[in-house]
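Quick note: numbers below take in every heavy atom, side chains included, and nothing from hydrogens, waters or symmetry partners. Counting starts at 1 for both ligands and their atoms, following the listed order.
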Amino acid sequence: MSDSNIDDGRGRGVVLVGYRGTGKSTVGRVLAGRTGRAFVEVDECIVARAGKTIRAIFEEDGEPAFRDIEEAVVRDLTANHPGAVLGTGGGTILRESNRRMLRAFGLVAWLRADVAELARRLEADAITRETRPSLTNKGAVEEIAEVLAYRTPFYEEVADLIVEAQGAGPDEVAGRILERWPCS
Ligand code: S3P
């Protein structure tokens, strides 16, 4: 994990990273509501820009095309919404350029949960089956275990703080981030 020193030329925003199902969108809305900051989301902007769902982008254009749009969106959102709460997709941290832009934007909070909890949450979420493309074509638990293990070093690298999303509601998670967000 990186040092949390945002007086080193980094911005005043806050960024939420973490696997699918860790509650980034819900926590982002709570944070924005409690601070009066704007909440902007990478996935939402990707869908608006592409004019189709994320599942359709994956199916019709492939994951590399999705990642290219994602990177362009990270560039635009971080440039145009300084000081905002920025919600990322679970894989936004994969590209080094994205990690650099996210850290330059502000404090990066990693919402973490274990494989069983993520599987339970995603299973319970009807929207997941409709909108979230499979990343590996494996079963849910196997996919989460494999992808999370691969991504964990990237989450660790980009994060200023780790917040356990497990067993905590969105208000509690937001509260822990606010303790560390100096501009709040
Ligand atoms: C992805 C996570 C999704 C979305 C896309 C890819 C991933 O975002 O960006 O389906 O690679 O983990 P959420 O984490 O908001 O579901």
Side-chain angles (χ1 to χ4, degrees), residues 14-32 39-78 81 84-99 101-102 105 108-159 162-166 170 173-174 177:
V14 67
V15 181
L16 305 177
V17 301
Y19 202 80
R20 293 166 161 180
T22 48
K24 299 181 295 288
S25 299
T26 312
V27 170
R29 272 183 223 106
V30 171
L31 272 176
F39 176 49
V40 290
E41 268 196 301
V42 172
D43 279 352
E44 202 173 282
C45 195
I46 292 171
V47 170
R49 188 170 295 203
K52 52 187 171 186
T53 64
I54 289 174
R55 179 179 280 273
I57 302 170
F58 267 71
E59 283 172 3
E60 292 165 22
D61 310 316
E63 182 171 349
F66 172 84
R67 298 294 172 202
D68 287 343
I69 305 172
E70 183 176 53
E71 183 176 346
V73 163
V74 170
R75 181 163 294 109
D76 289 350
L77 289 181
T78 52
H81 299 274
V85 179
L86 175 62
T88 62
T92 307
I93 45 69
L94 286 169
R95 288 195 177 175
E96 198 274 332
S97 49
N98 289 347
R99 297 197 295 280
M101 290 189 275
L102 297 178
F105 185 76
V108 182
W110 173 20
L111 276 50
R112 191 168 63 181
D114 70 23
V115 174
E117 170 76 4
L118 291 170
R120 196 188 58 71
R121 287 187 187 203
L122 291 172
E123 177 62 30
D125 179 5
I127 295 170
T128 290
R129 282 184 290 277
E130 312 235 321
T131 63
R132 286 182 166 129
S134 167
L135 300 169
T136 58
N137 292 318
K138 293 184 176 165
V141 172
E142 209 185 335
E143 171 169 302
I144 296 166
E146 182 179 309
V147 176
L148 186 59
Y150 177 76
R151 290 180 181 176
T152 292
F154 300 120
Y155 290 126
E156 283 173 346
E157 182 195 313
V158 77
I162 301 172
V163 187
E164 293 300 336
Q166 194 136 338
V173 173
I177 295 168

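Distances shorter than 4.0 angstrom do not occur between any heavy atom of Glu44 and any atom of ligand 1.
In terms of protein heavy atoms, atom 16 (O) of ligand 1 is closest to Arg132 NE, 2.7 Å. When only non-hydrogen protein atoms are considered, atom 12 (O) of ligand 1 lies nearest to Arg151 NH1, 2.7 Å. Looking from atom 10 (O) of ligand 1 to the surrounding protein, the closest heavy atom is Arg20 NH2, 3.1 Å.
Annotation: the span from Trp110 atom CH2 to Leu16 atom CG amounts to 14.0 Å, rounded to 0.5 Å. Rounding to the nearest 0.5 Å places CD of Glu96 at 9.5 Å from CE of Met101. To the nearest 0.5 Å, atoms CD1 (Ile57) and CD (Glu70) are separated by 10.0 Å.
Nearest to atom 14 (O) of ligand 1 by heavy-atom distance, out of Glu143, Lys24, Arg55, is Lys24. Of the candidates Ile144, Asp43, Val42, it is Asp43 that places a heavy atom closest to atom 4 (C) of ligand 1.
Near Pro133, meaning under 4.0 Å from one of its heavy atoms, ligand 1 places the atoms 10 (O). Atoms of ligand 1 lying under 4.0 Å from any heavy atom of Ile54, numbered from 1 in the order shown and given with element: 5 (C), 10 (O).
Counting heavy atoms of neighbouring residues, nucleotides and ligands inside a 6.0 Å radius, atom CD of Glu117 exceeds 12 of them.
With a heavy-atom cut-off of 4.0 Å, Thr92 does not touch ligand 1 at all.
Ligand 1 has no N or O atom lying under 3.5 Å from any N or O atom of Glu70, backbone or side chain. Below 3.5 Å of separation, one finds an N or O of Gly90 facing an N or O of ligand 1. Remark: ligand 1 and Thr88 share no N or O pair separated by less than 3.5 Å (distance only, no angle test).
Applying the ring pair (Phe, Tyr, Trp, His ring centres under 6.0 Å) test to every pair with at least one member in residues 39-62, sequence neighbours left out, gives these pairs: Phe58-Phe66.
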>> Run the side-chain hydrogen bond (donor to acceptor under 3.5 Å, both in side chains) test on Thr136 and Glu146 for me, step by step, so that the C-alpha distance in whole Å, both residues' side-chain angles and the decisive distance to 0.1 Å come before the verdict.
In response: CA-CA 9 Å; Thr136 58; Glu146 182 179 309; 5.4 Å; no

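No donor-acceptor distance shorter than 3.5 angstrom exists from the side chain of Lys52 to the backbone of Val47, with no hydrogens or angles considered.
Cys45 is not listed as a side-chain neighbour of Asp76, based on a closest heavy-atom distance of 4.5 Å or more.
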